[in-house]
Amino acid sequence: MVRSTGGGTQDVPRRRSPRLRLATVVALLGALVVLASACSRSAPTPHQPQAGPGQLTIWLTGYSWQDNTPPGSSIVGEPVLHKQAGGQGTFADPITVAVPGHQGKMAWEPGTKFYLPSVQRYAIVEDSGAAKAPSGTDTHLDMWIDGQDGTKQATDDCETEFTGRVPAQVNPPDNLPVMAGPIFANQKCNIPPQASNMGTYQDSGGDSGDSGGDSAGGSGSGHHHDDSSGGN
């Protein structure tokens with residue numbers, strides 16, 4: 001706006017009405033809302049948390065220095081963490097287990113981890129040649145118990161004690177209770193008290209003739225580990 005004065009002209013600032021200022025603020029706020037909405041739509045969607053560890057029912061057996069193939073050895077067919085069968089049962093150092101099948105056609109990939117609450121140990125697949133899983137179970141794990149300092153009878157008795165249909169977790173978390181150490185050491189079977197009846201291989205409808213040779217004795221007490229492919 002130009003106002004004429006005696007000394008010439010002078011620019012006079014225009015006064016905006018309150019209604020105009022309010023409209024401007026509203027327009028700016030609307031633009032900010034639209035911009036925020038666009039940014040939100042373009043941002044990547046966060047990955048949903050993965051489901052909890054898989055709950056399984058397994059047939060658990062054991063093998064030792066005395067009944068590995070060849071006997072008196074700790075050779076494994078699919079070493080991952082250990083060059084020989086071993087482990088303390090912790091998450092960082094799980095115990096070797098064998099699964100059904102043979103190299104290239106194993107029930108579980110080498111390196112797969114499990115947690116076995118009945119013996120309070122973590123386990124890792126590093127061997128093959130376990131017997132076929134009996135019906136009513138998700139898989140068969142044949143667990144290394146060590147037992148180098150024990151007799152064949154003592155290690156067989158230890159294996160018999162924990163053999164049966166038990167729970168397990170695949171790909172477990174790292175904070176579950178652990179009774180660390182070999183299953184059989186210092187001439188002792190180092191496991192928690194076991195259930196009185198965990199079933200038998202025969203009653204489960206399994207095929208004891210499958211490679212792995214877990215016998216179908218009435219108590220499910222056979223635990224001979226065998227890998228007919230020669231990998232062990």
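When reading the values below, keep in mind they use all heavy atoms of this one structure, side chains included, and skip hydrogens, waters and symmetry mates.
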Exercise for the section: Please report the closest heavy-atom contact between Gly136 and Thr57, naming both atoms and the distance. Expected result: O-CG2, 4.1 Å
Handout entry: Backbone N/O of Phe91 and side chain of Lys113: donor-acceptor pair under 3.5 Å
Key = yes
Fill in the blank from the handout: Rounded to the nearest 0.5 Å, the CD atom of Glu159 sits from the CD1 atom of Ile145 at a distance of 4.0 Å
Handout entry: Asp138 side chain to Ile58 backbone, donor-acceptor under 3.5 Å
Key = no
Exercise for the section: State whether the side chain of Thr163 and the backbone N or O of Thr61 hold a donor-acceptor pair below 3.5 Å, judged by distance alone. Expected result: no
Problem - Heavy-atom donor-acceptor pair, Asn175 side chain to Pro173 backbone, under 3.5 Å - result: no
Exercise for the section: Could you pull out the closest heavy-atom pair between Gly101 and Ser128, with the gap in Å? Expected result: O-CB, 3.2 Å
Exercise for the section: Say whether Val170 and Val166 are linked into one hydrophobic cluster, either directly or through other cluster members, by side-chain heavy-atom distances under 4.5 angstrom. Expected result: yes
Problem - Point-to-point distance, once rounded to the nearest 0.5 Å, from CD of Glu126 to CD of Gln84 - result: 10.5 Å
Practice task
Check the hydrophobic clustering (I, L, V, M, F, W, Y; side-chain heavy atoms under 4.5 Å; chains of links allowed) and say if Val97 and Val119 are grouped together.
Solution key: yes
Handout entry: Common cluster, Val178/Phe114, ILVMFWY with side-chain heavy-atom separation under 4.5 Å
Key = no
Exercise for the section: Calculate, to the nearest 0.5 Å, the distance between atoms CG and CD belonging to Asn68 and Gln66 respectively. Expected result: 10.0 Å
Handout entry: Donor-acceptor pair, side chain of Gln194 and main chain of Pro192, under 3.5 angstrom
Key = yes
Practice task
Using atom types as modelled and distance alone, determine if a side-chain donor or acceptor of Asp127 lies under 3.5 Å from a backbone N or O of Val76.
Solution key: no
Exercise for the section: Mind checking the CZ-OG spacing from Arg165 to Ser118? Nearest 0.5 Å is all I need. Expected result: 13.0 Å
Completion exercise
CE (Met143) and CD1 (Ile191) are apart, to the nearest 0.5 Å, by 7.5 Å
Practice task
Could you tell me whether the side chain of Pro117 reaches within less than 4.5 Å of the side chain of Tyr115, counting heavy atoms only?
Solution key: yes
Handout entry: Backbone of Pro94 reached by a side-chain donor or acceptor of Arg121 within 3.5 Å
Key = no
Completion exercise
When rounded to the nearest 0.5 Å, the distance separating NE2 of His82 from CD1 of Ile124 is 7.0 Å
Handout entry: Under 3.5 Å: donor-acceptor pair, side chain of Gln88, backbone of Ala180
Key = no
Exercise for the section: Could you check Ser74 against Trp144 for side-chain contact (heavy atoms from CB on, under 4.5 Å), going step by step and ending with a plain yes or no? Expected result: CA-CA 9 Å; Ser74 58; Trp144 175 252; 3.6 Å; yes
Handout entry: For Leu81 against Ala92, the heavy-atom pair lying closest together
Key = CD1-O, 4.0 Å
Practice task
Given side-chain contact (heavy atoms from CB on, under 4.5 Å), test Thr96 with Tyr63 step by step and report yes or no.
Solution key: CA-CA 10 Å; Thr96 300; Tyr63 69 114; 3.9 Å; yes
Problem - Flag, side chain of Asp149 to backbone of Asn186, donor-acceptor distance under 3.5 Å - result: yes
Exercise for the section: May I ask whether Leu116 and Ile183 are part of the same hydrophobic cluster, defined by side-chain heavy atoms of I, L, V, M, F, W, Y residues being less than 4.5 angstrom apart, directly or through others? Expected result: yes
Handout entry: Shortest non-hydrogen contact from Ser73 toward Trp65
Key = N-CE3, 3.4 Å
Exercise for the section: Apply the test side-chain contact (heavy atoms from CB on, under 4.5 Å) to residues Asp67 and Thr155: give CA-CA distance (whole Å), side-chain angles for both, the deciding distance (0.1 Å), then the verdict. Expected result: CA-CA 9 Å; Asp67 57 13; Thr155 54; 5.8 Å; no
Exercise for the section: Compare every heavy atom of Ile95 with every heavy atom of Gly87, then report the nearest pair and how far apart it is. Expected result: O-CG1, 3.5 Å
Practice task
Check Pro100 against Ala133 and note the closest heavy-atom contact, atom names and distance.
Solution key: CG-N, 4.3 Å
Handout entry: Side-chain (Tyr122) to main-chain (Leu176) donor-acceptor, under 3.5 angstrom
Key = yes
Handout entry: Donor on one side chain, acceptor on other, Gln153 and Thr151, under 3.5 Å
Key = no
